[in-house]
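Note that these values count all heavy atoms, side chains included, but never hydrogens, waters or copies made by symmetry. It should be emphasised that the depicted structure is a prediction, and the values quoted were computed from it without experimental measurement. Just so we're on the same page: letters track the sequence lines, and every chain starts at 1.
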2 protein chains.
Amino acid sequence: MYTVRYTNAMDNRGTILEQALNLFSERGYDAVGVQEICDAAGITKPTLYHYFGSKRGLLEAILEQSFNTLKIRLTSAADYCGDLPLTLQTIAETYFSFASEFPVFYRLQLALWFAPQESEGFKAVIIQNRFQHEMIMNVFLNAVPQHGNMRGRHQDYALTFLGMLNTYIGLGLNGLTPLDVELARQAVRQFQYGIYS
Amino acid sequence: MYTVRYTNAMDNRGTILEQALNLFSERGYDAVGVQEICDAAGITKPTLYHYFGSKRGLLEAILEQSFNTLKIRLTSAADYCGDLPLTLQTIAETYFSFASEFPVFYRLQLALWFAPQESEGFKAVIIQNRFQHEMIMNVFLNAVPQHGNMRGRHQDYALTFLGMLNTYIGLGLNGLTPLDVELARQAVRQFQYGIYS
DNA sequence: CAATGTGTATACCGTTCGGTATACTAACGC
DNA sequence: GCGTTAGTATACCGAACGGTATACACATTG
């Protein structure tokens with residue numbers, strides 16, 4: 001009796017996170033009610049509010065958890081080693097494998113990223129998303145000495161590079177293309193011609 | 001009295017469309033209530049339901065109206081003349097100028113396009129969006145005789161081309177870059193290197 | 001001048017919204 | 001054992017949700 005009870009209790013927080021992520025990703029943050037999440041997780045509202053305080057807090061917990069994984073992987077991938085093509089390739093592969101591994105989360109993240117700027121979802125995701133821009137922007141900034149013609153445009157490059165990766169990931173998540181190393185190579189090659197020409 | 005009354009009546013439908021577009025674009029379809037739209041338009045709910053039948057019907061009317069403009073412009077822009085670079089350039093310019101002219105609508109359209117596949121918004125926009133893919137896909141299909149190495153990949157090209165345009169438009173709508181002819185030229189150039197290499 | 005049909009408002013429907021006050025259960029530290 | 005604390009459920013809050021039944025105002029048509 002003791003162990004069963006305890007195990008269930010420990011799982012509740014995780015179960016809520018998991019079910020909420022599924023529902024938000026499938027139908028959207030605003031369209032999913034708190035009660036529905038509770039039903040899916042097999043708990044009641046006070047339990048949810050005990051752990052997350054609010055619906056917004058629950059969304060932020062979901063984002064924080066999954067983005068941490070991405071953050072860790074990106075930090076080592078975006079470590080500029082003096083070879084820009086290699087670094088971009090590594091970053092692209094990191095994104096593709098992450099999106100393949102957590103497709104439900106990545107779908108949610110993409111939806112929130114393009115959501116209206118005044119929406120709850122956008123405001124929650126932009127905080128977690130800033131580090132991606134800064135990280136990629138630094139890659140281009142550090143590459144300026146080798147590629148002088150990029151000076152002053154590192155921000156544009158970071159944004160379009162990330163935008164292109166997300167375009168491919170969007171296609172991949174809809175089953176239109178496999179998010180493999182070969183696709184990463186192709187994407188990076190396409191991007192670089194735009195830069196260097 | 002007669003004319004005033006009549007003019008107001010004629011305007012109500014348009015006012016509802018206009019205010020709903022603004023609200024949906026700013027805060028998202030699900031986050032905006034029908035009552036709020038009515039308040040903004042200065043009418044009451046029965047009036048709205050008289051014209052559009054449902055909240056979903058209102059959204060579809062908004063999309064239909066604005067997409068028609070895009071459809072007309074794209075039809076002439078995507079008329080393949082045997083010169084692929086030129087056609088792509090024309091399409092890019094058409095998209096950029098349309099997005100510049102109707103930024104509020106384009107923001108909504110982008111948000112709905114990336115919304116969860118089971119959401120009301122996505123289902124409403126995908127109907128209107130299909131023609132864009134087909135139109136651009138046909139451009140690549142018609143260009144196959146001149147560019148044999150593209151055979152069998154026209155669908156991928158259409159999707160990534162449109163994805164790239166939307167990436168740039170997203171940046172433009174946030175004021176990070178002007179959506180002018182020069183940017184269109186740069187985007188098309190970057191895209192083609194990926195194709196031809 | 002009646003009949004009609006369009007457009008609009010008042011008032012309301014049942015349901016669900018996000019969120020909470022209260023109390024009970026059970027494991028933990030003393 | 002005994003208080004404390006975390007976790008959970010019952011039951012409920014006021015507000016807002018999408019949508020509608022009814023009635024009325026009015027220009028149009030016979």
Inset, instruction - Please report the C-alpha distance between B:Arg130 and B:Glu134 in whole Å, then the side-chain angles of each, then the deciding distance to 0.1 Å, and finally whether the salt bridge (Lys or Arg N to Asp or Glu O under 4.0 Å) criterion is met. - result: CA-CA 6 Å; B:Arg130 191 155 292 148; B:Glu134 287 172 3; 5.4 Å; no

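- Rounded to whole Å, the distance from CG on A:Leu48 to C1' on C:dC17 is 14 Å.
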Legend entry - Base versus backbone protein contacts along nucleotides 11-20 of chain D [heavy-atom cut-off under 4.0 Å; B, S, -]: ------SBBB

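- For B:His50, the side-chain atoms get nearest to C:dT8 when compared with the rest of D:dA9, D:dG7, C:dT8.
- Checking the phosphate oxygens (OP1, OP2) of C:dA9, a side-chain nitrogen or oxygen of B:Thr47 falls inside 4.0 Å.
- The separation between A:Asp11 atom CG and D:dG7 atom P is 13 Å, rounded to whole Å.
- Salt-bridge annotation for A:Glu101 and A:Arg73: present, with a side-chain N of the basic residue lying under 4.0 Å from a carboxylate O of the acidic one.
- Distance, B:Phe52 CZ to C:dG7 C1': 13 Å, rounded to whole Å.
- Under the 6.0 Å distance and 45° angle rule, A:Lys55 does not count as a cation-pi partner of A:Tyr49.
- Scanning for ring pair (Phe, Tyr, Trp, His ring centres under 6.0 Å) contacts around A:Phe52 gives an empty result, with sequence neighbours left out.
- The nearest whole Å value for the distance from the CG atom in A:Leu59 to the C1' atom in C:dG18 is 15 Å.
- As a whole-Å value, the separation of A:Ile43 CD1 from D:dT8 P is 8 Å.
- Rounded to a whole Å, the CD1 atom of A:Ile16 is 11 Å from the C1' atom of D:dT8.
- Listed by first and then second residue, the ring-ring contact (aromatic ring centres under 6.0 Å, His included) pairs involving residues 164-185 of chain B amount to none (not counting sequence neighbours).
- No side-chain N or O of B:Asn22 forms a donor-acceptor pair with one of B:Arg27 less than 3.5 Å apart.
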